[in-house]
4 protein chains.
Amino acid sequence: MSGAGERPLRADAARNRARLLDVATEVFTTRGVGVPTEEIARAAGVGVGTLFRHFPTKEALLEAVMVRRLEAIAARTALLSAEPDPAEAFFACFRLVIEQSAGKNEFAQALAAAGVDAHAALQEPSQVIRAQLARLLDGAQRAGAVRNELGLPELIALLAGTGAAMEQLGADPAARERILDVVLDGLRPR
Amino acid sequence: MSGAGERPLRADAARNRARLLDVATEVFTTRGVGVPTEEIARAAGVGVGTLFRHFPTKEALLEAVMVRRLEAIAARTALLSAEPDPAEAFFACFRLVIEQSAGKNEFAQALAAAGVDAHAALQEPSQVIRAQLARLLDGAQRAGAVRNELGLPELIALLAGTGAAMEQLGADPAARERILDVVLDGLRPR
Amino acid sequence: MSGAGERPLRADAARNRARLLDVATEVFTTRGVGVPTEEIARAAGVGVGTLFRHFPTKEALLEAVMVRRLEAIAARTALLSAEPDPAEAFFACFRLVIEQSAGKNEFAQALAAAGVDAHAALQEPSQVIRAQLARLLDGAQRAGAVRNELGLPELIALLAGTGAAMEQLGADPAARERILDVVLDGLRPR
Amino acid sequence: MSGAGERPLRADAARNRARLLDVATEVFTTRGVGVPTEEIARAAGVGVGTLFRHFPTKEALLEAVMVRRLEAIAARTALLSAEPDPAEAFFACFRLVIEQSAGKNEFAQALAAAGVDAHAALQEPSQVIRAQLARLLDGAQRAGAVRNELGLPELIALLAGTGAAMEQLGADPAARERILDVVLDGLRPR
DNA sequence: AATGAATGAGCCTTCATTCAT
DNA sequence: AATGAATGAAGGCTCATTCAT
């Protein structure tokens, strides 16, 4: 549902915008949000002016990056609605969200921000995700696969935390899997 | 082991140094490391010049803050050596580290940094902690209280991650406890 | 004497040029010359490119605006040549020039600039005005209606100054009239 | 009545502040407010940082310049209270204000701004001036030296306008005097 | 001819760090 | 030792102007 107010955008402009988003995503997640706008522009092969034409503020750029990530997650979690087994669906979703944010420190912050938040633009996609998570959690709990005392806030916090934990083990997939097992097992009723 | 090169430090100088560390700890953890040095100095009731006399660099100040926190943790975990029950000792230590870092986002980073690191000054205290964690982990595993396949890196990552998760639930102690339960239960052998 | 080098200009191009001049006049006089070119173009319903096709420089646009205003004044003052009573003609002209520039701060500057100047394009129309003012002043002085010691520079300065004064009283026509009376009376021989 | 909240200011700091104000006054009035802050700092022999330490904003610097000018005028006009002859006092004041602003285009704007205004800091000094002008005007009118129908707004507008007019004749003191005569004579009752 | 995206020099402002007092 | 004024390199952002479409 990409709104009404947007005009088609010329081919090259769209390409530049996309490049900027890609570069910014990469740079922000690997080196933090302190990277100068000028460097991002250069890495995207455009001038600063172009960056600021597309994103009126550095913060707006960051927001756009986060929105895109949240939307990607929302799209993926939506696919899990098809899964018939609620427990299966829930755990697949947990993995998916973690993996999406794997290796991206900033994203943990984005998700965290989604918990409280202030930026209007993030509200919509994060609400979508929250709604889906809530549904999946409920299903899994009804199926007896997840502790009943856990609520949505705890789930979100665990997602962010597990993501953060896995980032530290970046180079070692087996260790990451072990961590994920710990958390997933911990979610089950005692 | 406070080295050899340091001279006694006049009483007021020592007081200033301590105040700066306290204020910086508070400020860095609650508002991030972006807070201007001048503001820290003012909050500590000294001039910037004094701050830079004690800590030649902003980074040095941050480092000192982290060292102090790590040393505090090391001191506490050391006390747990006395605990006869290895499982008990391990879980108490886990809680302790988490609680120390609870509410302090930056500290999670400090711990994370302790995993890889670059700053020489952090090496020593973090090595101490690592050694103690390794010993406690080993004891708990021998006692059959913790999964055998987990290594020290996974433990550290889980500590950082759980700390991060609990920060999101700041205002809700019960929810925090539920999260901690999930992880602690997950650590147990299946 | 609209030179030789200009080709006829397509109908729509001429319309755009006129619109740009109108908008620029309005915008420059009400909000100052600091308004971005892009905004002027948008208000005129064209792209920036079009603006710069018609006026190679922002300064050129400002110049064109001023030339048009000067020419309008020159045209009006020319009509006063018909007036048989020299005193009448002079005072009418004074009022006219003031009223033309009333409410347009920038125009006062334009007139001021006409006194010294640098822009070649302004020279011609301002010379025309100056010549007419000189003639009217001379007539009024011969008729004994204006102090003999006043020269053209003083007249121009008074025009600009009175215009500036009246701008401050924008909302109060009666007060403006009172000011004008002061100056007009002051012009008379003691 | 320079408030209570200001601390004494070190000797060199005071010197720098004064130099900055002097330079800014000169530069703003001769070349407009568009001059880069960096240039002002350089001309004052300090770094930009120093400029911004003393004046947190370019606008604050401009404001300080204007306040100082207004206060200087207020101080001078206050001296005229001693003058026994009301007509004499009024005309002296008129001259004085004009001469203070002579050659300083921006100042006309400051006075104009004093008419409407928004900046709190300018309010006080401009109110003082207005009050004094009002008193002098009233005295002169009672003495029959100035037209009764003129109010304070008209007086202020005439001051600004006359100042503007005289700026155009900068190099020619005799011509300036002639203009002033015109206005002063015009102020008298017909 | 018109369009509007792209460009990049330049501006205001911040802040870690130095140094005169 | 302490102070806080001074410094200047960066950084975010604007806008006149150019150029591909």
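Letters go in sequence order (proteins before strands), and every chain restarts at 1. When reading the values below, keep in mind they use all heavy atoms of this one structure, side chains included, and skip hydrogens, waters and symmetry mates.
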Review point. Roughly how bent is the helix from E:dA2-F:dT21 to E:dT21-F:dA2 end to end, in steps of 10 degrees, with each end axis from five pairs?
Key: 0°
Check your understanding: Just by distance, do the side chain of C:Lys58 and the backbone of C:Val33 share a donor-acceptor pair under 3.5 Å?
Key -> yes
**Study point:** Main-chain N/O of B:Val46 paired to B:Thr50 side chain as donor or acceptor, under 3.5 Å
**Key:**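 No, B:Thr50 side chain to B:Val46 backbone: no donor-acceptor pair under 3.5 Å.
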Mind calculating the distance between [atom1] ([X]) and [atom2] ([N]) to the nearest angstrom?
X       : N      : atom1 : atom2 : value
B:Leu61 : E:dC15 : CG    : P     : 16 Å
A:Leu51 : E:dG8  : CG    : P     : 14 Å
C:Glu39 : E:dG4  : CD    : P     : 16 Å
D:Leu20 : F:dT7  : CG    : C1'   : 13 Å
A:Arg42 : E:dA6  : CZ    : C1'   : 17 Å
A:Phe55 : F:dT14 : CZ    : P     : 15 Å

**Study point:** Distance (rounded to the nearest 0.5 Å) between D:Leu20 CG and D:Arg53 CZ
**Key:**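 Interatomic distance, D:Leu20 CG to D:Arg53 CZ, rounded to 0.5 Å: 12.5 Å.
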Check your understanding: Hey, what do you get for CZ (A:Phe28) to CD1 (A:Ile40), rounding to the nearest 0.5 Å?
Key -> 3.5 Å
Study note, to complete from the structure: Ranking E:dA1, F:dT7, E:dT3 by distance to the side chain of C:Val46, first place goes to E:dT3
Point to revise | Distance below 4.0 Å between D:His54 side-chain N/O and F:dA6 OP1 or OP2 | key: yes
Review point. Does the side chain of A:Glu39 reach to within under 4.5 Å of the side chain of A:Arg42, using non-hydrogen atoms?
Key: yes
Check your understanding: Which sits closer to the 5' end of DNA chain F, B:Thr50 or D:Asn16, going by the nucleotide each is nearest to?
Key -> B:Thr50
Practice item. Using salt bridge (Lys or Arg N to Asp or Glu O under 4.0 Å) as the criterion, list what pairs up with D:Arg68, not counting sequence neighbours. Key: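 Applying salt bridge (Lys or Arg N to Asp or Glu O under 4.0 Å) to D:Arg68 gives D:Asp22.
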Study note, to complete from the structure: Readout for nucleotides 15-21 of chain F: B = base within 4.0 Å of protein heavy atom, S = sugar-phosphate only, - = neither; 5' to 3' it is SSBB---
Atom of [X], atom of [Y] and distance for their closest heavy-atom approach:
X        : Y        : result
D:Glu63  : D:Ala121 : OE2-CB, 3.0 Å
B:Val23  : B:Ala43  : CG1-CB, 3.6 Å
D:Pro125 : D:Val67  : CG-CG1, 4.3 Å

